[in-house]
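See below for the structure under consideration.
Protein chains get the first letters and strands the later ones, always in sequence-line order, with residue 1 at the start of each. A quick note: this is a predicted structure, and the numbers were derived from the prediction, not measured.
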Number of protein chains: 2
Amino acid sequence: MASKTRRNERRTDALSKERIVETAVEILDTEGEGALTFRALAARLATGPGAIYWHVANKNDLLAAATDEVIGRVMTEVVGSAEPQRAIRAVALGVFDAIDAHPWVGAQLSGPAGQSAILEIFEGLGKQLRALDVPQRAHFGAASALLNYILGVAGQNAANARMNPHLTDRSDFLDSVATRWEQLDPARYPFVNQVAAQLRDHDDREQFLAGIDLILAGIGTLH
Amino acid sequence: MASKTRRNERRTDALSKERIVETAVEILDTEGEGALTFRALAARLATGPGAIYWHVANKNDLLAAATDEVIGRVMTEVVGSAEPQRAIRAVALGVFDAIDAHPWVGAQLSGPAGQSAILEIFEGLGKQLRALDVPQRAHFGAASALLNYILGVAGQNAANARMNPHLTDRSDFLDSVATRWEQLDPARYPFVNQVAAQLRDHDDREQFLAGIDLILAGIGTLH
DNA sequence: ACCTGAACACCGTTCAAGT
DNA sequence: ACCTGAACACCGTTCAAGT
């Protein structure tokens, strides 16, 4: 720790896992998942691709660290220990907003690099359940249900962002999907046809929270 | 259509999208996601990689078709129109079991190639909601909540299978994860420590259904 | 201990050439 | 119309060589 500090004083441009991950997040945010290659990363860091492997095991490790960075920030920001139901909503919304700001995080959370960030979210949700009036034996299931719902939304948002990188305007995107839904055969897709209008003018964030509340309501029936 | 039938009579080994997708599913099932390359696929079909591009736009298209194949089968098998709550459980369990039998499907459902299969699942869930006593305006949200939960579980199961391809025995796998959880710092991860035992001897499939029931219970509170 | 960058093995995809 | 397979552009990763 001491030697590390000393080194930082001597060479501010020295390579380190933190600096590598930080730069990786920058690339992911500004240029998207496809732009993060070891060559591009090395170029930004003014070094060769091999140098990165001294600090990072492989690409999965790098993506995991980048995801942990973003989610870790969310989880510490959200510690404000209010009433448990509100705290659960805060955790969920924190993850939702982080994915909104960093679409690549959604893809990672539903992939192999997301596991340690997921554990963090799971702990954040579960801790609150203990303060709630839920029988012990239902804790694991309740936390899993909330987590899986959040991860499902995360994956969907990531897929949407990946498929429509140009449609930055939310309502434009929803409109295009709704129009596609309306053009489907109503005999084969009666439900999708019916809810196309609701899709067009729903609020993603609001509906996400409504889903959380639905699960919380279900958890409330466990006594 | 007629010409296609005639051709099939003359050359049973002729290339077709169906045969390509069928072979792709075979590779995915037996050798895993990593083994599906255009070269490996072409080799099995005794042709060159370029030939595949005549029938399939690209790899995403191929994976989408493979996913549709598996999920489509599930959705048609599950049409037995019982009481709506039971039908929703049947759809959910059908998807769950399909992912269990074809782990790669889970990864696709939470990725870009899964969108059309997801639409199928969404329709299957939503249709049942109309038969339930739920206000129209809540249909979209309720179906989305169920869908997102299912997709979250799908992604997690896929990630687990991908990370532990050797641990075919479910209880061995759960045991190893539970042990890891128990070794985490109890001060930082009080909840995870507490539920590690529940993880060890829970039944994935049963808990999955319990989550569905939780959401259904929540939906039941909407009047 | 840490960095450099050429080289390896391997992709998805294209395309001129065939039938 | 459909197939062939070499070639292209591009990866992640390794490793001998440097400092």
Side-chain angles (χ1 to χ4, degrees), chain A residues 1-21 23-24 27-28 31-67 104 107-108 111-113 162-163, chain B residues 1-21 23-24 27-28 31-67 104 107-108 111-113 162-163:
Chain A
M1 197 56 161
S3 76
K4 193 177 162 198
T5 311
R6 226 182 303 128
R7 180 168 296 282
N8 276 343
E9 283 160 13
R10 289 179 56 197
R11 278 192 63 187
T12 33
D13 64 327
L15 231 45
S16 68
K17 182 152 182 178
E18 299 95 73
R19 218 160 75 80
I20 290 171
V21 171
T23 310
I27 294 177
L28 289 164
E31 301 174 57
E33 299 176 62
L36 182 65
T37 66
F38 277 81
R39 274 168 249 263
L41 186 54
R44 276 229 207 187
L45 292 163
T47 181
I52 297 168
Y53 282 89
W54 187 261
H55 299 92
V56 148
N58 50 43
K59 190 164 188 183
N60 194 71
D61 185 30
L62 175 62
L63 285 168
T67 307
W104 53 274
Q108 298 315 314
R162 211 161 18 192
M163 274 195 320
Chain B
M1 197 56 160
S3 76
K4 191 177 160 199
T5 311
R6 225 181 302 126
R7 179 167 298 280
N8 276 344
E9 284 161 12
R10 288 179 58 197
R11 277 192 64 187
T12 32
D13 65 327
L15 232 43
S16 67
K17 181 152 184 178
E18 299 94 76
R19 217 161 75 82
I20 291 171
V21 172
T23 309
I27 294 176
L28 288 164
E31 301 174 56
E33 299 177 60
L36 182 65
T37 67
F38 277 82
R39 275 167 249 264
L41 186 53
R44 275 230 207 186
L45 292 163
T47 181
I52 297 168
Y53 281 89
W54 188 262
H55 299 92
V56 148
N58 48 43
K59 193 167 187 182
N60 195 70
D61 184 30
L62 175 63
L63 285 168
T67 307
W104 53 274
Q108 298 313 314
R162 210 160 18 188
M163 274 196 320

Any chance you could measure B/I20, atom CD1, to B/L41, atom CG, to the nearest 0.5 Å? 6.5 Å

Donor-acceptor contact below 3.5 Å, side chain B/R39 vs main chain B/P49: no

A/R44 side chain to A/T23 main-chain N or O, any donor-acceptor pair under 3.5 Å? no

Should A/W54 be listed as having a side-chain N or O under 4.0 Å from OP1 or OP2 of C/dC2? yes

If pairing means Watson-Crick or G-U wobble with both distances under 3.5 Å, then the partner of D/dC3 is none

Atom-pair distance (CG on B/L41; C1' on C/dT13), nearest Å: 14 Å

Just how far, in rounded Å, is P of D/dG5 from CG of B/L15? 13 Å

Could you tell me whether the side chain of B/L63 reaches within less than 4.5 Å of the side chain of B/L36, counting heavy atoms only? yes

Taking atom C1' of C/dG5 as reference, at what distance in whole Å does atom CZ of A/F38 sit? 15 Å

C/dG12 P sits how many Å from B/L62 CG, rounded? 10 Å

Once you round it to whole Å, what is the distance between P of D/dC2 and CG of B/L45? 16 Å

Sugar-phosphate only, base, or nothing, as touched by B/L36 at under 4.0 Å among non-hydrogen atoms: sugar-phosphate

Identify, between A/R39 and A/G48, the residue whose nearest nucleotide on DNA chain C lies closer to the 5' end. A/G48

Determine which nucleotide pairs with D/dC11, using a 3.5 Å limit on both distances of a Watson-Crick or G-U wobble pair. none

Nearest whole angstrom, please: distance from the P of C/dT13 to the NZ of B/K59. 8 Å

C/dA17 - base-pair partner by Watson-Crick or wobble geometry, distances under 3.5 Å: none

Among D/dA6, D/dG12, D/dT13, which nucleotide has an atom closest to any side-chain atom of A/T37? D/dG12

Interatomic distance, B/K17 NZ vs D/dC2 P [rounded to whole Å]: 14 Å

One should read off an interatomic distance between A/L62 CG and A/Y53 OH, to the nearest 0.5 angstrom, of 9.0 Å

Using whole Å, report how far OH of B/Y53 lies from P of D/dG5. 17 Å

